[in-house]
Asker: 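Quick one: this structure, given as structure tokens, is what I'll be asking you about.
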Amino acid sequence: MTETTIAKTLPAAASQEAQAELIAGLRAPLPYISPKFLYDSLGSKLFEAICELPEYYPTRTEAAIFSRHGEHIAEACGTGATLVDLGAGNCAKAARLFPTVRPSQYVAVDISSEFVQGAVAQLRHRFNDIDMHAVAQDFSAGLVLPDTVRAHRRLFFYPGSSLGNFRPDEARDFLAHLRTQCDAHGGLLIGVDLIKETAALADAYDDALGVTAAFNLNILRHVNRLIGANFDVSGWRHRSFYNAGHQRVEMHLEAREDVTVRWRGGMRYFVRGQSIHTENSHKYTRGTIADMLERTGWRLDHVWTDPDEWFAVVYARP
Ligand code: AVI
């Protein structure tokens with residue numbers, strides 16, 4: 001069994017590219033930090049905890065769709081593919097597909113190297129007939145798979161509505177990019193969060209226990225490590241809301257008081273109430289996702305949803 005790990009993750013000392021990206025965001029007129037920086041080791045664990053919250057409906061709704069329509073989904077995807085799990089995290093979602101989709105090869109790709117390597121190491125014990133690879137990579141700007149990943153019949157698996165964390169133009173570019181890495185026999189299985197009543201969205205991104213707030217605030221600690229900044233987490237508050245015009249939930253961090261933040265080689269003064277934009281989570285309709293797939297070279301094959309149509313699992317072919 002081959003073990004492949006590409007050292008292209010965000011280590012304690014960030015790559016120059018990541019540092020430049022962070023500093024540009026902090027200096028911008030409307031400051032921002034890319035959501036990919038939410039996922040250091042603690043951030044990945046906090047996200048796992050979010051997925052268990054009663055308010056965070058996407059995970060359990062998607063899981064219910066998979067258990068209700070699992071056989072039909074497996075029938076559509078076929079067996080024996082190379083399953084490429086994008087943003088694999090703890091690999092639990094893909095592992096649930098193994099008994100029905102029966103991949104010949106499994107490739108878990110995640111930005112959090114420690115997390116994905118540990119998860120794949122555990123899975124190897126349970127499914128020793130599947131050739132498994134852990135790839136630590138920030139694939140937001142393009143996926144680079146090692147040569148050990150078979151090119152034939154790749155089934156790209158992108159669950160959990162992570163596509164929604166891209167801007168629509170980035171999501172289109174990403175889907176088009178995946179299409180170029182998929183031969184005529186492959187496919188794409190994605191989870192997509194659908195537009196719904198605002199109250200449900202508000203609760204999902206601002207839970208009563210404050211786990212989402214901790215997840216959002218933890219980005220500041222990660223940034224401190226990456227660029228030597230001195231963000232004091234207690235000086236910032238989590239804010240989230242549904243932006244109907246852009247059909248997305250936005251997460252921000254708002255300064256509780258005026259504060260000067262310093263990092264290696266720079267600084268910025270934030271006034272009380274000023275915020276740093278940390279995440280967009282775009283919501284789709286059946287129509288907008290079908291349109292996006294069609295424009296990026298995919299043919300929509302099937303859509304499965306829950307009875308309330310809160311979430312959709314979509315299968316597309318080249
Ligand atoms: C990973 N991603 C799909 C989550 C979402 O819902 O956009 C991240 C998240 N942010 C806050 N809660 C969960």
Side-chain angles (χ1 to χ4, degrees), residues 8-47 49-50 111-112 138 140-141 162 164-171 198 201-283:
K8 188 173 177 271
T9 181
L10 297 168
S15 69
Q16 286 197 341
E17 213 179 305
Q19 293 187 21
E21 181 183 353
L22 278 168
I23 291 167
L26 291 176
R27 286 205 167 119
L30 296 174
Y32 63 88
I33 302 172
S34 164
K36 69 187 174 200
F37 296 106
L38 289 164
Y39 303 93
D40 63 350
S41 171
L42 177 59
S44 298
K45 287 180 188 128
L46 287 167
F47 179 62
I50 287 174
I111 193 169
S112 179
D138 165 17
S140 58
S162 295
N165 296 133
F166 287 121
R167 289 194 316 261
D169 61 314
E170 291 170 334
T198 306
L201 291 168
D203 289 350
Y205 290 83
D206 196 7
D207 59 281
L209 278 180
V211 183
T212 308
F215 172 65
N216 195 9
L217 286 161
N218 177 61
I219 205 171
L220 298 180
R221 292 207 171 144
H222 192 197
V223 171
N224 283 348
R225 291 199 307 278
L226 295 176
I227 58 168
N230 69 344
F231 276 105
D232 174 3
V233 169
S234 66
W236 297 80
R237 103 164 32 94
H238 165 68
R239 263 196 77 219
S240 61
F241 57 87
Y242 183 59
N243 180 332
H246 287 284
Q247 302 185 331
R248 69 190 188 200
V249 175
E250 296 185 12
M251 287 207 315
H252 295 256
L253 289 167
E254 190 180 279
R256 290 178 187 270
E257 300 296 341
D258 296 357
V259 62
T260 299
V261 176
R262 295 174 199 282
W263 57 85
R264 275 190 298 267
M267 53 167 276
R268 180 167 186 161
Y269 180 67
F270 292 89
V271 294
R272 182 181 176 177
Q274 192 174 3
S275 69
I276 303 176
H277 193 164
T278 51
E279 186 187 66
N280 290 318
S281 193
H282 291 267
K283 308 304 168 191

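None of these values were measured; they are calculated from a predicted model.
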Asker: Answer yes or no: is there a side-chain heavy-atom contact under 4.5 Å between R256 and V259?
Answerer: no
Asker: Quick check: do Q247 and P168 have side-chain heavy atoms less than 4.5 Å from each other?
Answerer: no
Asker: Quick one: are T278 and P35 in side-chain contact, heavy atoms under 4.5 Å?
Answerer: no
Asker: Find the distance between CG (N216) and CG (L253) and round it off to the nearest 0.5 Å.
Answerer: 4.0 Å
Asker: Of all heavy-atom pairs between I33 and I219, which one has the smallest distance, and what is that distance?
Answerer: CG2-CD1, 3.5 Å
Asker: Just say parallel, tilted or perpendicular for the rings of F231 and F270, cut-offs at 30° and 60°.
Answerer: tilted
Asker: So how far is it from H252 NE2 to R237 CZ, rounded to the nearest 0.5 Å?
Answerer: 14.0 Å
Asker: Between N230 and N224, is there a donor-acceptor pair closer than 3.5 Å when you use the side chain of the first and the backbone of the second?
Answerer: no
Asker: Under 3.5 Å, side chain of N280 to main-chain N/O of H282, donor-acceptor pair present?
Answerer: no
Asker: Which atoms form the tightest heavy-atom contact between S275 and P31, and what is the distance?
Answerer: O-CG, 3.5 Å
Asker: Measure across R225 and D40 and return the closest heavy-atom pair with its distance rounded to 0.1 Å.
Answerer: NH2-OD2, 2.8 Å
Asker: Please say which of E250, M251, R248 ends up in a side chain to side chain contact (heavy atoms under 4.5 Å, CB included) with F241.
Answerer: E250
Asker: side-chain contact (heavy atoms from CB on, under 4.5 Å) with R27: which residues, sequence neighbours excluded?
Answerer: I23, W263
Asker: Does atom CZ (R272) have a neighbourhood of more than 12 heavy atoms from anything else shown, all under 6.0 Å?
Answerer: no
Asker: Roughly how far, to the nearest 0.5 Å, is CD of Q274 from CG of L30?
Answerer: 9.0 Å
Asker: Check whether any side-chain N or O of H238 sits under 3.5 Å from a backbone N or O of Y205 as a donor-acceptor pair, and report yes or no.
Answerer: yes
Asker: Can you see whether D206 engages S240 through a side-chain donor-acceptor pair at a distance of less than 3.5 angstrom?
Answerer: no
Asker: Atom CD1 of I111 and atom CG of L38: how far apart are they, to the nearest 0.5 Å?
Answerer: 9.5 Å
Asker: Tell me, please, which residues at least two apart from I50 pass side-chain contact (heavy atoms from CB on, under 4.5 Å).
Answerer: F47, L53, Y56, V211, T212, F215
Asker: Is the distance between the ring centroids of H222 and Y39 under 6.0 Å?
Answerer: no
Asker: More than 12 heavy atoms of other residues, nucleotides or ligands under 6.0 Å from CZ of R221: is that the case?
Answerer: no
Asker: To the nearest 0.5 Å, what is the distance between OG on S34 and CG on D138?
Answerer: 7.5 Å
